[in-house]
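Contents: one structure, followed by commentary.
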Amino acid sequence: MTYAVKNLTHGRELIAFRIGDQEFCVNIMSVREIRGWTPATAMPHAPPYVLGVINLRGAVLPIVDLSLRLGMKPAEPTVRHVIIVAQVGAKVVGLLVDAVSDILTVTDGNIQPTPDIANEAEKAYARGILAIEGRMICLIELDALFSHVESEAA
Amino acid sequence: MDMNEIKEIFFQECEEQLAELESGLLKLNDGDRDPETVNAVFRAVHSIKGGAGAFGLDDLVSFAHVFETTLDCVRSNKLEPTPDVLKVMLKSADVLADLTNAARDGGSVDEARSRTLIRELEALAHGEAPAAAEAPAAKPVAAPHKAADPVMEKPPVNEEGFQPIPFSFGDFDEEPAAHYVPTCQVVFRPKKELYAKGNEAVLLLRDVSRIGEMSVYCDMDSLPPLDKMNPEEAYFSWKISVTTDKGEDGVRAVFEFAEWDCDLDIRTIEEDVAADAAEDEELPMQPVPFDLSMLDEAGPAADEEPAVESDAAAAVAAAETASKVAQAASRAAENAKAAASAAGAVQANQAGQTIRVDLDRVDRLINLVGELVINQAMLSQSVVENDNNGTSSINMGLEELQQLTREIQDSVMAIRAQPVKPVFQRMARTVREIADITGKSVRLITEGENTEVDKTVIDKLAEPLTHMIRNAVDHGLEMPEKREAAGKNPEGTVRLTAKHRSGRIVIELADDGAGINREKVRQKAIDNDLIAADANLSDEEIDNLIFHAGFSTADKVSDLSGRGVGMDVVKRSIQALGGRISISSKPGQGSVFTMSLPLTLAVLDGMVVTVAGQTLVVPLTAIVETLQPEASAIHSFGASQRLISIRNSFCPLVDVGRILNFRATQANPVEGVALLVESEGGGQRALMVDAIQGQRQVVIKSLEANYTHVPGIAAATILGDGRVALILDVDAVVAASRGQSLKQETSLAATG
């Protein structure tokens with residue numbers, strides 16, 4: 001993976017990734033590392049999008065099928081899939097995506113508001129869309145996506 | 001290091017001192033009359049007082065001071081440590097602990113209580129031992145006296161501006177207790193003229209010794225080597241400390257005739273501070289026995305020589321003799337001191353050297369070692385897979401590595417292991433307090449306090465243990481009259497024992513009270529709808545009813561226990577620690593609670609099993625036996641229940657895969673293995689798993705850290721292949737099999 005740090009005085013860095021034919025991005029500050037797919041241990045009574053847990057250097061890391069979580073069809077993990085290890089609140093989760101595509105440096109001006117057509121579920125996590133080189137990339141707010149992780153820990 | 005850090009260290013030390021204090025007092029209570037024990041107790045209070053003074057914790061200082069004064073009476077044998085006296089002292093130790101806690105965490109203490117105790121302590125010091133009050137007076141320091149008086153009227157809070165003055169009681173023993181005699185310090189440096197005029201330093205010293213008790217030190221620093229020595233020069237000077245009622249003038253009178261030929265400096269030591277300063281000097285004044293007969297021999301010899309030169313030489317010789325005596329004496333004193341400190345060092349060695357380490361660091365180390373163990377297992381597994389002949393040097397090395405990692409793991413675990421002593425000591429206090437409130441007379445006997453167990457276990461042990469002790473004293477033991485009527489010792493006994501047994505720690509709490517009133521328990525259970533009115537229960541089953549929620553047999557609900565939250569809370573907290581608790585009771589002879597706890601919460605002995613293609617770990621402690629079910633032993637019961645007959649008793653069969661939702665339909669029991677487990681509530685269940693992979697020690701990893709609690713799963717671990725395996729929560733699975741799966745539904749809804 002490339003961890004090229006771009007010299008920026010303003011704006012923020014985002015990691016863009018691909019799920020199916022759509023592109024999404026999250027704030028790079030919440031990403032801890034990116035690693036390849038390893039089979040996960042299934043959890044009983046887990047929601048369908050939780051694929052299970054894996055061993056991340058001694059810590060137990062839950063793996064979330066982001067495709068399913070975002071309401072798309074379930075992923076069929078292969079060795080080509082990657083796991084984005086992200087910090088959500090006090091917890092660390094692994095997000096299964098098809099591939100990491102880019103590191104973007106954007107300013108707030110680049111981010112367009114989420115269009116009105118979005119339904120409630122999509123509005124909940126989408127924080128806006130970016131138009132970059134003719135591609136459309138959706139900015140995801142991880143905290144909104146996994147708010148239950150926080151609340152249930154209490 | 002800022003002040004708060006220092007303060008924190010002080011409080012940590014306070015805790016140690018308080019523990020020392022309490023154990024010392026308890027030893028005294030058991031009839032130990034070793035002066036060292038008394039000294040240890042005294043030192044503990046004194047150190048707390050000293051430290052508290054430095055931080056301006058006046059409440060603590062004033063209480064500790066009174067306590068210390070009374071202890072000093074015991075130390076100087078003015079006060080006999082009778083059980084009554086010790087009772088007051090133990091209570092005082094409790095208050096001292098309260099005050100310390102209040103000083104650290106804020107909050108208030110029961111002032112009435114400490115005031116009463118101060119009065120009692122004062123009474124002990126003054127009333128029973130009138131001489132005691134003079135002990136502090138022997139020291140020429142006004143502070144303790146000033147302190148004592150206002151303290152009597154208005155104890156811990158002092159509006160008269162009492163400033164704690166740090167001073168040492170340590171040298172009380174050497175001080176004459178009768179009345180104060182001024183001590184003069186004399187520096188006597190003769191010039192050569194003194195000897196030339198036929199005066200004799202030795203004789204002067206002898207004269208000084210006659211007016212009072214003196215100690216002398218000869219300063220020979222200016223003595224040149226022999227070849228450079230001028231025989232007529234005076235090289236020696238003496239430092240004399242003399243305690244005399246004739247005072248400075250009396251000392252000066254001795255030197256009257258020599259005054260002009262010597263440098264003389266006479267000072268009366270008035271201030272304690274000065275004495276302290278003197279003690280701090282490199283060469284402390286040591287009271288040495290002065291053998292005057294030696295001087296008398298040397299003296300006349302000098303007198304016989306009229307010639308000036310030889311006189312001087314003789315004087316040097318005599319001075320040398322004198323200083324030799326002094327040296328020999330001081331050497332002897334030093335030897336004695338060295339021996340004493342050596343003895344102290346031996347004691348210290350016995351106690352073991354310790355360092356304070358932040359718990360986080362230890363935990364980090366334990367985590368790392370846990371990963372090392374996993375990594376090592378992964379490595380050997382992959383080597384085995386890739387190496388068919390199994391004799392390569394890599395294999396040999398790996399075996400050694402395995403040995404080493406195991407040893408490292410054991411040693412790291414041992415770092416966290418602590419003796420249960422502190423918890424047991426806290427229980428002693430609980431017993432005292434409850435005995436006081438209930439008016440019962442109780443003796444707590446503790447055994448095996450040095451049994452070591454993981455710190456987390458110790459920390460979590462205190463609460464359930466306190467509950468149990470309260471119950472034992474409040475409900476278990478009878479009132480003294482009742483005990484006497486039953487032909488028992490009016491003083492009840494509570495015995496707290498800890499021991500290691502097969503990799504677990506077993507803690508037993510036994511009382512010699514009335515035992516469990518089974519009729520009453522049974523009736524209560526029926527009243528509370530816990531059992532059917534016609535239920536046929538064994539004695540043991542009735543005893544175990546007390547662990548049910550909302551159960552209390554005390555007729556009157558007391559302050560201490562009996563609100564019905566007692567034993568079920570105890571049971572739950574013990575189970576949360578991975579432990580088990582049971583009770584056995586004999587009517588009229590008392591009850592015994594037995595707790596069995598794991599030595600550590602970081603590792604677990606487990607059986608690795610396969611269920612529906614998943615690898616699970618079942619805690620070994622829960623498993624009673626494993627068996628291969630035969631088709632003839634399986635009986636269907638109702639619509640979906642199945643029972644397995646084991647030695648003519650029927651046991652419900654629970655499919656783990658079904659409970660955990662790993663498969664939709666029940667597996668065929670004949671194809672799997674049944675694990676007979678014992679769960680809370682005493683019932684046995686046969687858990688169906690597909691296969692047993694083996695038995696191993698696993699490192700427990702939290703699931704909650706990054707995920708949520710999963711019903712039926714206690715925690716996770718990482719196996720040799722690097723994959724995560726889940727550890728089964730046997731009790732939850734059994735509870736789910738009884739139909740109590742509500743918890744799972746809500747949880748599922750929340751995560752979904």
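Naming: A, B, ... by sequence-line order, numbering from 1 per chain. Only heavy atoms go into these numbers, but all of them, side chains included; no hydrogens, no water, no symmetry mates. On a predicted model such as this, the values are computed, not experimentally measured, just so you know.
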Sub-3.5 Å donor-acceptor pair from the side chain of [X] to the main-chain atoms of [Y], do we have one?
{"X": "B:Asn706", "Y": "A:Val60", "answer": "yes"}
{"X": "B:Arg723", "Y": "A:Ala40", "answer": "yes"}
{"X": "B:Asn661", "Y": "A:Pro44", "answer": "no"}

Would the number of heavy atoms belonging to other residues, nucleotides or ligands and lying under 6.0 Å from [atom1] of [X] be above 12?
{"X": "B:Glu463", "atom1": "CD", "result": "no"}
{"X": "B:Arg406", "atom1": "CZ", "result": "no"}
{"X": "A:Met72", "atom1": "CE", "result": "yes"}

Which pair of non-hydrogen atoms, one from [X] and one from [Y], has the smallest distance, and what is that distance?
{"X": "B:Pro711", "Y": "A:His45", "result": "O-CD2, 4.0 Å"}
{"X": "A:Ala46", "Y": "B:Tyr707", "result": "CB-OH, 3.6 Å"}
{"X": "A:Lys91", "Y": "B:Glu704", "result": "NZ-O, 3.3 Å"}

Quick one, A:Asn55 with B:Lys701, criterion side-chain contact (heavy atoms from CB on, under 4.5 Å). Give me CA distance, side-chain angles, the key distance, then yes/no.
CA-CA 10 Å; A:Asn55 164 25; B:Lys701 297 279 174 188; over 6 Å; no
So, the part of B:Ser702 with a heavy atom under 4.5 Å from chain A: the answer is backbone
